[in-house]
Each structure stands twice: as C-alpha cells, then as structure tokens.
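In what follows, a single structure is set out as structure tokens and then discussed.
In what follows, residues are counted from 1 in the order of the sequence shown. The shown structure was predicted, so the numbers you read here are calculated from the model rather than taken from an experiment. Both counts, for ligands and for their atoms, begin at 1 and track the order of listing.
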Amino acid sequence: MTLINPIERFGSRLISVQNPSTYTGGEIGSIVKPHAVNDTLFNTAIAFPDTYTIGMSNQAIKIIYQGLNKKKDIRCERVFCPEKDFEQLLTQTDTPLYTLETGMPLKNLDMLCFSIGYELGITGALSILENGKIPLLKKDRRDDDPIIFAGGVGATNPAPFSVFFDAVFIGEAEGGMFELFEKLALMKKQGASKKEILEELARCPNVWTEDMSVEKCGHAKAFRAVYEGFDSDEPIESFLPLPNIKTVQNHGVVEIMRGCPNGCRFCHAGIYYRPQRARSKKTIFEYVDKLVNQAGYKEISLTSLSSADYPDIGGLLRELNNKYRAKNISFQLPSLKVNSFTLPLLEELSEVRKSGLTFAVETPDEAWQLRLNKEVYAQHLVDLINEAKKKGWNKAKFYFMVGLPFPETEEKTEEKVIVDFMLDLQKRTGIVCHVNVGTFIPKPHTPYQWVRQISPEESDRKLRYIRDNLPKGRFKVGTHDVSTSYIEALCSRGDKRSGMVIYNAFKKGVRLDAWEDHLRADLPLWEEAFSEAGYDVKAEILRERSKDEKLPWDDVSLGPSKSFYLKEWEKNEKELLTPVCKPGCDHRCGVCSNKVSVNTDKISQEVYKSEQLTGLNELNEPSGSYDRRSEMNIPLIWRAVFRFTKTNGGQFISHLSSIEMFNRAIQKSGLPVIYTAGFNPLPRLEFSSTLSLGTVSLDEIASVVMYEGCDEKSFIEKLNKELPSFIQINHAFIFPVTNQRRRESLSACLWGNEYEYTFNDGISDVKGFFETEEGKKFTDKSSLCSFELKGNVLKCVLEFHKDRPFRNALEEYYGKKIFEIVSIKKIHTLAKPDIMGWTPELNKEYAQKIKSEGLDGANRIVKAKVLQPEQNTASEQYTDYFELYNRIALVNAALIKQRDEM
Ligand code: SF4
C-alpha cells in the first residue's frame with residue numbers, strides 16, 4: 001500500500017484550504033501502528049460523516065477508535081469529511097482521501113466504518129466514499145474495495161442506506177463490535193476472502209444486512225447490542241486524540257450515565273440507549289482526573305441523555321466543585337429535565353461559572369404533556385428561573401416542537417399554547433427568553449412511529465405565528481428551516497427506494513446537508529431528485545402508517561417489542577403516564593434482563609463510598625483558600641523565556657490553536673505557572689509574534705511567569721512531554737524578576753525575522769523582482785532589510801512590519817498566491833538590541849556591579865555569557881532574544897538586590 005504524507009504531497013498549498021491542520025493528523029494521543037512488510041493487520045478506519053471540527057467533538061468516534069486499536073491485530077485510523085476547498089485540492093493533485101494517522105488511501109482499507117450519529121450525515125458519508133475513490137453503490141464495488149460498514153443512532157432504519165452499506169451494526173459498539181472485529185481480523189490473518197468476512201459479519205445477531213434470513217445468517221432480524229459493562233468497566237479514554245484545533249465542543253466530557261429513565265414517547269434516543277445505567281462516583285472522579293491531568297481540560301461536561309436524573313446529581317456536582325475549585329475547573333450539565341432540576345442543583349451550577357440555562361419543554365400544555373409522557377410544571381420552572389436570576393443568570397433557552405400528534409382545535413393549537421406560556425413565564429420572571437422551535441419527525445422505533453408528519457407548509461404557518469407573537473427584545477426566537485425536517489425524514493423514515501433518491505441528489509451536488517445552510521442551498525437539487533424518483537416521495541415521507549403494515553425498519557429491534565410501542569401509543573391516546581424506569585419495574589419493555597438493567601439502586605449506595613474528599617487543593621491547602629498561582633502578593637516571580645520550533649506539520653497549526661496547546665501543556669505539566677485572575681484564568685503566557693500559517697519555524701519565542709523557579713532542563717522536558725511532536729521547545733532561560741516594575745514584553749522587543757524563502761519549481765529567478773521599482777524598495781539601504789540568493793533559496797532578514805508587504809509584492813510580481821511561489825522557513829526571531837534606553841554601557845555597568853558585589857541567588861546569571869560583553873555578537877540593528885533577556889535578567893537581579901537591602 002502506498003501511504004500518503006499530506007505535508008509532502010501538498011506542501012505549502014495546504015494553506016489554501018481552511019483549517020489545514022485538520023488534514024494532517026499528528027495530534028497528541030493519536031495511535032500510529034507503523035506499517036511493516038507483510039503486515040497482516042486488519043486495516044480499518046472510523047469515518048465521521050462531517051468535518052473534523054464536528055467529528056472530533058463526537059464521543060462515539062473516539063470510543064470506537066480506542067476500542068478497536070486495543071486489539072493487536074487491528075489498525076484503526078480516522079477520516080472526516082473534507083470541506084469543498086480540500087476536495088478541490090484532492091482533485092487537483094489526483095490524491096484519494098486518506099486516513100489521518102498513516103495516510104492509508106481509503107480504497108486500500110479492509111473495512112471503512114461510518115458512525116452515523118444523525119441521518120443527514122449520509123451526504124457526508126457519500127462524500128467520503130467519493131473522495132476515497134470508492135464506488136458509492138454496493139452493487140458497483142469489487143472484491144478489492146473495502147467493506148463499507150456503518151452503525152450509530154442515525155442508522156437504526158438501515159433501509160434508505162441499504163444501497164450504500166454492506167452491513168450495519170445495531171447498538172452500542174462496546175456491546176460486542178470490538179470482539180466481532182477481532183474475529184474478522186483473525187480471519188484476514190488466516191487468508192479469508194472479502195466474501196467470507198462479509199458472511200461472518202452477517203452471522204452476528206447485532207448486524208443488519210440487506211438479505212438477512214434465518215437460513216443464511218441464523219437470524220432474520222438484527223438486535224441491538226447493549227453494553228453490559230457500562231457501570232463496571234473502566235471507561236474507554238475517549239478524550240484522546242486531543243484535536244489540533246478548537247472543535248465545536250471544546251471541553252472534556254465524562255459520560256456519567258447512559259440511557260434515560262423518563263420514557264418520553266417521541267424520543268428515539270430514549271429507546272436506543274435503554275436501560276438507564278449510571279456510573280459510580282468513584283469512576284467519574286477517576287475519569288475527571290484524567291480529563292484534567294492528562295488532557296488539560298478546564299471545562300468538563302457531565303453528559304448523559306438526562307444528567308439531572310443521575311442519582312444524587314447535586315452531591316456529585318458539589319464534591320467535584322470542592323475537589324477542583326482550586327484548579328479553576330468548571331462543570332456543566334448539558335441536558336436537564338425540568339422536573340429533575342432542583343434549586344440545590346442550581347446552587348451547585350452557579351458555583352464556578354455561569355453556563356447557559358436550557359430547558360426542553362416540548363409542549364407547555366399539561367394534557368398534551370401526558371401524551372408525551374413528560375411533565376413540566378410551570379410553577380417549578382418559574383421558581384427555578386427566579387432563583388437563577390438572583391444568582392446572576394439573565395437569559396434562558398427553551399426548546400419546543402410543533403407537529404406533535406395532538407388533537408388540536410381552533411382555539412387550542414400548538415403554536416398558541418407555546419406563545420401564551422412564554423408570554424406568561426416572561427412576565428413572571430422578567431428573564432430574556434431564547435425560544436427554539438423545531439418540527440417533529442416521527443422517528444422509527446418509538447410509539448409515534450406510525451403517525452403522519454406535518455407538511456412544510458403547516459410547519460411554516462405554526463412557526464411564523466410563534467415568531468410574530470413573541471415580541472423582540474424580551475424574546476429571541478430560533479426556528480429550524482421547515483424543509484430540513486423533510487429531508488431528514490426521507491433519511492430516517494424512508495424505505496429502500498429513498499436510497500436512490502439520496503444517491504441522485506448527491507450526484508447532483510448536495511454536500512454536507514447535516515448543516516442547515518448547506519441543506520437550504522441544496523433544496524432545489526433535492527427537489528429535482530424527488531421529481532425524478534418515479535414515486536411521490538413527499539407523500540411517502542409524510543403519510544401516516546397503518547398499525548399493521550410492515551415498516552421499513554421492522555427487521556431491526558432496539559429491544560422493546562412492537563406490542564410495547566402499541567401499548568404506549570394507546571396510553572398516549574388516553575393521556576396516561578408510564579412511570580419512570582426503575583429497578584424491578586412493572587411495565588417491562590423487554591430491555592432489562594438479568595445481565596443488564598437499571599442500576600440506580602446500586603449506584604445510590606456507592607455514592608457514599610466514593611473517595612473521601614479532604615477539602616485540600618493540589619497544593620495541600622484548603623480548597624478555595626489563597627491560590628498561589630495568582631500573581632498577587634508574590635514578591636519574587638520567575639520568568640521563563642523559551643524558544644520552540646514548529647515543523648513537520650506544526651506550520652499548519654494556527655496561532656490561536658498553538659496558544660491552546662501551550663495552555664493545556666502548562667496545565668498538564670504541573671509547572672508552577674502563574675494564572676490570570678477572573679472566571680477563566682489562563683497561564684500568563686506571551687509570544688513575541690504571530691507566525692503566519694504555513695511558515696515552518698525554527699525559532700519562535702515565548703515566555704511564561706512562574707511563582708517558583710525551576711531548572712531549565714526540567715522546564716523543557718516537562719513541557720515537551722505534553723506538547724505535540726510538531727511543536728517542541730529547545731532552549732529556555734529562567735530568571736527572577738521583581739513584581740515592582742513592568743515586565744518588558746516580548747512583542748515590544750521584536751525587531752524582525754530571518755527567513756529562508758525556497759522558490760517552488762517553475763518559478764522564475766527572483767532577481768527580476770529586485771530590479772523592479774517595488775523590489776528596489778526592499779533592497780534600498782534605508783529599508784534595513786538584507787537578502788542573499790543561492791540557487792532557488794533566498795535568505796532574507798526583514799523588519800517585522802515588512803513581512804506582509806514583501807510577500808504582497810512577490811504575489812503581485814508573479815501574479816500568484818504566495819504558497820504557489822515559495823515555501824517559507826523562519827530561521828531566527830530577532831530582538832531589538834536596546835529597549836527602554838538601556839544602553840550597552842548601562843548594561844555593562846550593571847554587570848560589573850553585580851560581578852563585583854556578588855549576588856545571592858543570581859549565580860547562574862553571573863555565569864551568563866552576557867557578562868563578557870566583548871563576546872556580544874549583536875549587530876547595530878538587532879540581537880538574539882536570549883542575549884537581550886540575559887541583560888534584562890541582570891537588571892532585574894540588581895533591582896532585587898537593591899530592594900532586599902532596603
Ligand atoms: S424493562 Fe422497564 S426499567 Fe427496563 S428499560 Fe424497559 S421500561 Fe425501563
């Protein structure tokens with residue numbers, strides 16, 4: 001297999017795309033299993049059908065990645081959907097889409113696995129296949145094409161995807177998928193063919209294939225795999241790899257519970273993740289420790305479908321706050337059921353930081369809530385919001401749906417009850433309300449699977465009423481595009497015919513339609529595909545299903561039986577509640593068994609066995625007491641100035657992402673770094689300049705301040721261990737400074753840079769440029785720049801504010817973008833020789849004074865080479881940063897001595 005190295009393959013052209021580092025891999029925690037000659041590993045990739053920034057926020061991807069890579073015979077790498085600009089680069093360079101870890105072309109894999117978290121992800125999946133040069137349709141693929149496998153909560157009706165996917169895993173990956181793949185890997189090792197591997201796959205009871213039958217595979221229905229060890233196993237470290245750039249959800253995630261006890265009748269996820277299983281507090285604490293100390297997260301989400309239903313959620317939050325307060329770690333609960341949300345819980349949430357308040361109401365009408373099997377007491381909501389206001393919240397989000405199967409009358413419509421409820425609530429609380437309303441899609445495998453979906457026109461009328469009747473200022477109303485739910489329904493409720501409609505729409509150009517703006521733009525293409533389908537697609541999507549017709553998803557079971565869904569539907573009609581799930585429940589749906597069941601009774605006991613919290617912070621001081629990491633009242637602080645390189649892909653990491661990497665590395669390193677004050681404390685970190693994207697650098701300068709000194713070798717080692725391999729520190733200088741004077745900022749000391757410009761093949765000699773009027777401006781003596789040309793390499797020294805004009809002038813001269821002209825490497829960051837009026841004479845005087853009087857605690861500085869000024873190689877214009885800071889260190893040392901003697 002010929003591996004693709006994107007850095008070599010695309011070179012500086014990578015900066016022509018947005019977020020180039022999302023195509024280069026190399027993240028901390030990525031797993032690279034080197035390829036060997038005669039390698040027999042089962043080559044797989046986990047593909048997320050959306051872009052890197054969304055995919056790397058997804059937990060399922062990382063769980064599968066970690067779980068499969070634990071198996072010694074499996075190599076699992078990652079691939080995400082490319083954006084349009086990168087698609088163009090792939091096409092221009094005739095490069096097939098590849099995996100991030102070792103650059104395996106997708107076409108050469110044994111198996112490509114899609115995690116379909118939402119149905120509209122299918123357009124992203126097709127994009128991945130097409131860019132991987134793999135035929136989209138199953139029937140067109142050959143023996144040497146990979147097996148195309150899928151799974152996830154968005155693929156529980158595999159019928160619309162049956163023309164694309166060879167097989168679909170139903171259920172939780174930890175419930176048997178890793179062992180299944182291990183078996184397949186062994187088969188590959190023993191020389192099995194693709195056909196034999198596919199047959200083995202089809203025999204797994206959790207796997208759906210298009211032509212399943214008892215005779216052929218031993219089962220005619222695929223059953224959902226349930227992870228039995230959720231509450232007993234050590235959780236998979238799904239925080240790794242750490243993304244190269246800021247992702248959509250840029251915080252640590254600990255899954256505190258799986259499943260939800262509430263049984264809302266419209267909720268597909270509520271069925272998919274049954275039964276409710278909570279993790280013990282001890283497990284949660286251990287995992288949070290890893291998120292803080294190994295991943296460097298400062299914001300952590302305690303996730304589940306309904307986190308407020310975790311047993312003793314208030315106690316858990318309180319203990320976490322107590323333990324991590326001193327490290328400024330904050331905790332969020334992303335989804336809260338209104339009636340499980342209590343005032344004490346609000347108290348805990350307000351402890352560290354104000355995250356948003358979100359309430360999923362769906363419908364405010366109490367009779368209709370009984371139909372949904374959901375209770376939202378209006379008075380409770382008002383009490384919560386009034387209390388939240390006292391604690392500093394000034395806005396809250398509310399989620400509603402229209403199109404639910406309710407018996408509306410002219411006086412009582414969904415939209416009217418939503419508007420009346422919100423006007424009343426706002427009047428009683430005075431809070432600014434963000435109201436979000438979506439259109440209900442009757443999902444497969446729920447008690448509402450048979451009902452009709454409202455048309456886009458009906459939906460539009462309802463949403464317009466809500467927008468028009470909630471006054472701006474007090475309300476901000478967000479509504480989904482009515483047509484998006486239409487296409488989503490095609491992918492979630494459709495039958496096998498939908499597959500070819502999706503295929504045709506893709507061929508017409510629809511891309512990444514899980515994004516509402518893409519979908520809106522692509523609607524005419526979808527309409528064309530509908531009109532060419534040969535059946536009335538719209539009518540089929542919207543129609544009510546009869547209770548005795550065979551549904552396209554009937555060959556999949558998520559656990560509950562059809563009779564359970566029917567019973568629940570009848571209770572809906574009678575406005576009857578079904579009690580919440582609990583151990584030994586009396587309304588069995590068919591999911592709990594002696595192997596796996598609701599465990600809240602066990603967990604609630606374990607809560608009190610969790611680790612004894614001492615109330616001490618990491619410095620062995622009472623938590624919440626004086627934090628030494630704040631700069632206040634520290635008479636002597638230490639400054640570390642350091643040099644780092646950005647190479648081997650580091651040039652494609654933006655400056656902001658580099659800062660984020662350093663922030664995390666500092667937190668993980670345990671170095672005694674001082675943090676800023678406020679709700680979001682950050683290390684006191686400074687950079688001399690911002691490196692342009694695409695520029696390799698051998699000499700970037702940065703500094704941090706610390707409340708204790710440490711030796712330079714261990715400073716470098718500790719940080720390098722936590723930084724990615726493409727950003728590494730190679731030199732540090734640490735010296736004491738007094739807090740009684742301003743520090744010389746690195747950027748104020750910046751003079752300019754020395755570069756190597758290597759001209760690309762086919763670019764004519766740069767001499768011609770220097771003969772133009774524009775070129776002469778740079779070689780003119782007064783410009784302070786200098787150039788030396790050897791072959792196609794131009795060495796240049798430029799004042800920092802000439803960087804951009806010089807590149808612009810080259811672009812103008814050659815009529816091309818800079819990345820098409822040269823590859824740029826920074827050799828040196830140059831400092832001003834003198835700052836703040838410190839003449840070389842004054843420096844010398846300080847140096848001699850210190851030398852003659854001696855200086856306790858500054859021996860190391862005395863040894864510094866700056867004390868031999870005759871060796872100072874600085875030119876008239878600029879000097880080396882470390883030369884300059886050696887002198888600054890001397891001045892600080894003198895001032896400290898002076899102060900100590902007073
Ligand atoms: S068997 Fe009962 S407790 Fe278990 S998931 Fe079903 S309804 Fe809930």
Side-chain angles (χ1 to χ4, degrees), residues 152-153 156 170-176 205-206 221-233 255-280 303-313 335-340 360 362 369-375 442-450 553-554 556-607:
V153 70
T156 59
I170 305 295
E172 297 166 1
E174 310 101 312
N206 311 118
K221 206 176 221 195
F223 293 89
R224 180 171 67 100
V226 182
Y227 178 28
E228 290 165 12
F230 180 83
D231 53 349
S232 53
D233 295 351
E255 192 182 6
I256 59 172
M257 189 170 79
R258 200 170 279 188
C260 166
N262 298 305
C264 298
R265 294 186 176 117
F266 58 87
C267 183
H268 176 260
I271 298 284
Y272 184 85
Y273 288 109
R274 283 183 178 215
Q276 178 197 16
R277 291 148 286 165
R279 280 194 161 122
S280 74
T303 66
S304 77
L305 284 180
S306 178
S307 294
D309 284 303
Y310 180 88
D312 190 27
I313 183 68
S335 55
L336 294 170
K337 191 187 156 222
V338 178
N339 284 352
S340 316
E362 325 305 353
Q369 283 175 11
L370 295 177
R371 288 178 168 257
L372 298 182
N373 202 35
K374 183 171 181 135
E375 291 166 290
K443 288 286 175 94
H445 309 286
T446 66
Y448 288 172
Q449 61 183 344
W450 295 281
W553 49 91
D554 273 353
V556 166
S557 166
L558 296 192
S561 60
K562 210 163 186 174
S563 61
F564 173 80
Y565 296 136
L566 271 171
K567 251 189 247 160
E568 282 296 297
W569 170 253
E570 282 158 16
K571 283 171 130 181
N572 156 82
E573 299 267 69
K574 293 179 187 154
E575 296 177 356
L576 290 176
L577 284 176
T578 295
V580 293
C581 289
K582 58 177 186 222
C585 88
D586 58 1
H587 55 282
R588 302 185 72 79
C589 68
V591 170
C592 287
S593 66
N594 54 5
K595 287 190 181 154
V596 58
S597 58
V598 177
N599 70 347
T600 43
D601 51 343
K602 289 176 223 149
I603 288 297
S604 54
Q605 288 160 23
E606 279 180 35
V607 159

* Asked: Going by atom types alone, do R224 and T156 pair a side-chain donor with an acceptor below 3.5 Å?
  ->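 There is no such pair (donor and acceptor under 3.5 Å, judged by atom type) between the side chains of R224 and T156.
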* Asked: Does any donor atom in the side chain of T600 or Q276 lie under 3.5 Å from an acceptor atom in the other side chain?
  -> no
* Kindly write out the residues that satisfy salt bridge (Lys or Arg N to Asp or Glu O under 4.0 Å) with R258, not counting sequence neighbours, or none if the list is empty. => E172, E174, E255
* Indicate the ring-plane relationship of H445 and H268, choosing parallel, tilted or perpendicular according to the 30° and 60° boundaries. =>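 The arrangement is tilted - the two ring planes meet at 30° to 60°.
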* Less than 4.5 Å apart, any side-chain heavy atom of F230 and any of V596? -> no
* Are the side chain of N373 and the backbone N or O of R265 linked by a donor-acceptor pair below 3.5 Å? ->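 Not confirmed, N373 side chain does not pair with R265 backbone.
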* Asked: Which N, O or S atoms belonging to the protein are less than 2.8 Å from atom 6 (Fe) of ligand 1?
  ->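 As for protein N, O or S atoms lying under 2.8 Å from atom 6 (Fe) of ligand 1, they are C589 SG.
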